[in-house]
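Report on the structure given below.
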Amino acid sequence: MKEKLLMGNEAIGLGALRAGVGFVAGYPGTPSTEILETVAKYRDAGTYVEWSVNEKAAMEAAAGAAYAGVRTMVTMKQVGLNVASDPLMSLSYIGIKGGMVVVVADDPGPISSQTEQDTRHFAEFAKLPVFDPSSPEEAYQMIGDAFALSEELQTPVLFRPTTRVCHGCVSLPLEEPEKRPAPEGFVKDTSRWVIFPKLTYQNHQKIEARNASLRKTFSEYRFNRLAGSGQKGIATGGVSYAYTKEALQLLGQEPKLLKVGTPHPFPEQLALRFLDGLDEVLVLEELDPVIERELVYLCGKYRLNVIIKGKLTGDMPNAGELSVEIAKMQLSRFLDLPISDESPKEAAPALPVRPPVLCAGCPHRASFYAVKQAKKGRKAVFSGDIGCYTLGNAAPLDMVDTCLCMGAGVTIAQGLHRVEPDAVNFAFIGDSTFFASGLTGVVNAVYNDADIVLIVLDNSTTAMTGHQPHPGTGKTMMGEITRKVSIPKILEGIGVSFVRRVNPLDLQAAKEAVQQAAAVKGVSAVIFESPCVALIKPAEVHTVENTACVGCKKCIRELGCPALVLENGKAKIEPDMCYGCGLCAQVCPVSAIRKRGDRE
Amino acid sequence: MRNILLAGVGGQGTVLASKLLAQAAMEQGKQARTAETIGMAQRGGCVVSHVRIGDGVCSPLIPHGAADVILGFEPAEAVRCLAYLKPDGVVVAAQKAIKPVTATLSGSAYEGTEMLDYLRRHVRQLIEVDGETICGQCGSAKVLNVALLGAAIGSGALELSLEQMEKTLEQRVPAKFLEMNRQALRLGVQSAQQQSK
Ligand code: SF4
Ligand code: SF4
């Protein structure tokens, strides 16, 4: 077959299809999103795929399908597993029938995440096998192995790529799909599918025995490898293996090397062969010292006199991504090689900092600005949430005082309100986040009679992760038109006494709506409805009438739209960037900004 | 082996350019590997794409000092990534600075000229691309990426022919944008050739 340029996430999606996956569910999250999108794009009629409302729903739906004998996959980013941990922990004891691979993408750095948690640890905690691919090619093969193991052992299996594997592209030959028998269907058996303390106790024993024997089985697994020779050993896994190999090539070294593709259960016999005859080991891995701890444990268990160096000993950085440079530096130290100095001769001029910002024309900018104007003169706290709108924290808007995890803005505002009742507590939440985990928080507020103003930023999409549909959009991931779930009707149904829908780009109306909402006692809500600019064609480009502009810079100072720049003391709009949202025209005190076509 | 680094600002089309490069290399029967910045930085932050062509590549990211070519979509972004460049590597840089909102707000004087000066002093072979003029001629600001690819091809450092890239463009670019992209590619090649004279 012809080689295609595939992203790691595409390789995982296609690998799952090749393995005959019949049911895929997930919730978008960088760096995992494209896996499910790939399945949706290339699936045949026999494969069902959905964006679920959140990761917990996705995993439970997949569990149902797996109980009925289908091969299933669940996709999410690492923090999504926290949401899905409730079903995962119990599923580990109950098991499944058809096969279930839970793909959880970790994000060392982090590049686009709230935490640097390590799913390999989660696997240990949940007592589940985990695969850790070191490249997109390997991911394509390994995902098939994960399905086979899951079905054989009737247990969920974790699959943990990291950002650089997910978002790296390679040229890859594709293989023919496996022929799968039709699923058996759900067979009733309460002694198997209903979790009770006694069953948990029995299965716990079986799981521990299974995991002990997997330590042997995995020692022979094709993606756990041993190479090289010498008294100094290197242990690594995941994408760190790629960095390590390239660094060793650059250094011209071939020390004894252990590559771990299944960090849990750990390939014990293979690791013993690795440790045999070594004086010291350096462990290169991202996130937590998982391999390192296993090796320390083995040295203790078998009384081996080998020094294990890594994060725990301060020989490797314990936060952030690894790179060929870090690997090369630490390997040189460890292998007693000369360290080359690569710093530039002349320091570069001060580089402009470039934090991400809300796009030009983004309706969130207008929403934040309207709230900021409406609360002027009053003490107010702005609890934010996860999505593009987290970027509302940047100057000049400065409208995000807290951001914790999905849906937390709504509930944090309630706690703040109890301690500081004199402040107006605003909670901002996007449409997709509202459905994922904001709803229960609003019920909590109504039930406990909290005094908060809920601001729903409804831009008709899941924007940050690349514009996925959600329950409010009326579309599914299978491309079908479905019923739209209405946010205003939900809020009214819950008992929110004041619910107002308004277009944030109409500044005056938006301000008034917020003022009215803030005057209401109890839970009130303003729903700002305006689509993400990525979904629409630009409206008419705006322009600054140079002679009319008095150079007060109010537009720039207050909005921070990236299309607005200062040129010779006056405001100027970059026509390539302007989306024509018209917000700046409503802010300019001398009406110097207008649509380009309106010029006389 | 060829290592090409594309450095720009989120929204400038670096990802498509890296895909085009990898695709073109594959059409010539070579192995290709790329790594992208996806996520929050795509909203106006610094984005970098790594393209690695040929056998024996392990890391998805280019090591420092190993890039044959840096395509700087913005002068400061090219400077930011200079550590990746080989001592005799080529830099193709768009001249127009993109002012970050923070700089506009603080009224700081970043215009990009100091960055271009630094590049002129420190890069053996620097090709400056007047992206604004080329985009104006082609009628779209979206073709800067292809113009830079053209300039890189014109420098000869990519080991990739103009014909090959034109073929790849035909495959990947929608018909209605094809002509403007072809024009941008050729104008890019021309600007490189003029500078090497
Ligand atoms: S109209 Fe003004 S605020 Fe809106 S995108 Fe254009 S420059 Fe930015
Ligand atoms: S707000 Fe109006 S007058 Fe003031 S700088 Fe902007 S365009 Fe010029």
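Each chain gets a letter, A, B and so on, in the order the sequences are listed, and its residues count up from 1.
Residues that satisfy the side chain to side chain donor-acceptor pair (under 3.5 Å) test with B:Arg120, not counting sequence neighbours, are B:Asp117, B:Glu128.
Panel note: side chain B:Glu114, backbone A:Pro349; no donor-acceptor pair is recorded below 3.5 Å. Between the side chain of A:Arg354 and the backbone N or O of B:Ile98, at least one donor-acceptor pair lies under 3.5 Å.
Side chains of B:Pro63 and A:Tyr243 form no contact here, defined as non-hydrogen atoms less than 4.5 Å apart.
The 12-atom threshold is not exceeded at CD of A:Glu254, counting heavy atoms of other residues, nucleotides or ligands nearer than 6.0 Å.
Pairs of residues two or more places apart, or lying in two chains, that qualify as salt bridge (charged side-chain N to carboxylate O under 4.0 Å, His left out) and include a residue from residues 560-570 of chain A are A:Glu567-A:Lys572.
Between B:Met115 and A:Ala350, the shortest heavy-atom contact is CE-O, 3.3 Å. The minimum heavy-atom distance linking B:Cys58 with A:Glu246 is given by the pair N-OE1, 3.1 Å. Across all non-hydrogen atoms, the minimal contact from B:Leu105 to A:Arg557 is CD2-CA, 3.9 Å. Closest approach of B:Arg33 to A:Pro136, counting heavy atoms only: NH1-CD, 4.1 Å.
In this structure, CD in A:Glu137 is found 7.5 Å from CD in B:Gln31, a value given to the nearest 0.5 Å. Separating the CG atom in A:Asp576 from the NZ atom in B:Lys142 is a distance of 8.5 Å, to the nearest 0.5 Å. Residue A:His167 holds its NE2 atom at 11.0 Å from OG1 of B:Thr34, rounded to the nearest 0.5 Å.
Contact count against chain A (heavy-atom pairs under 4.5 Å) is highest for B:Ser59 among B:Gly44, B:Ala97, B:Gly45, B:Ser59. Ranking B:Ala35, B:Gly65, B:Ala32 against chain A, the residue ahead of the rest is B:Ala32, based on heavy-atom pairs under 4.5 Å. Among A:Pro352, A:Ala395, A:Ser113, A:Gly8, the residue making the largest number of heavy-atom pairs under 4.5 Å with chain B is A:Pro352. Of the residues considered (B:Arg80, B:Lys19, B:Lys99, B:Glu36), B:Arg80 shows the highest number of contacts with chain A, using heavy-atom pairs under 4.5 Å. The most heavy-atom pairs under 4.5 Å with chain B, out of A:Pro355, A:Gly466, A:Ala327, come from A:Pro355. Chain A forms more heavy-atom pairs under 4.5 Å with one residue of B:Lys30, B:His50, B:Arg52 than with any other, namely B:Arg52.
Neither the backbone nor the side chain of A:Met577 comes within less than 4.5 Å of any heavy atom in chain B. In this structure, chain B has no heavy atom under 4.5 Å from any part of A:Pro31. With a threshold of 4.5 angstrom between heavy atoms, B:Ala76 approaches chain A through its backbone and through its side chain. Using a 4.5 Å cut-off between heavy atoms, B:Glu111 does not touch chain A at all.
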Check: For A:Met464 and B:Arg43, what are the C-alpha separation, side-chain angles and deciding distance, and is it a side-chain contact (heavy atoms from CB on, under 4.5 Å)?
Finding: CA-CA 9 Å; A:Met464 180 52 103; B:Arg43 313 270 179 274; 4.1 Å; yes

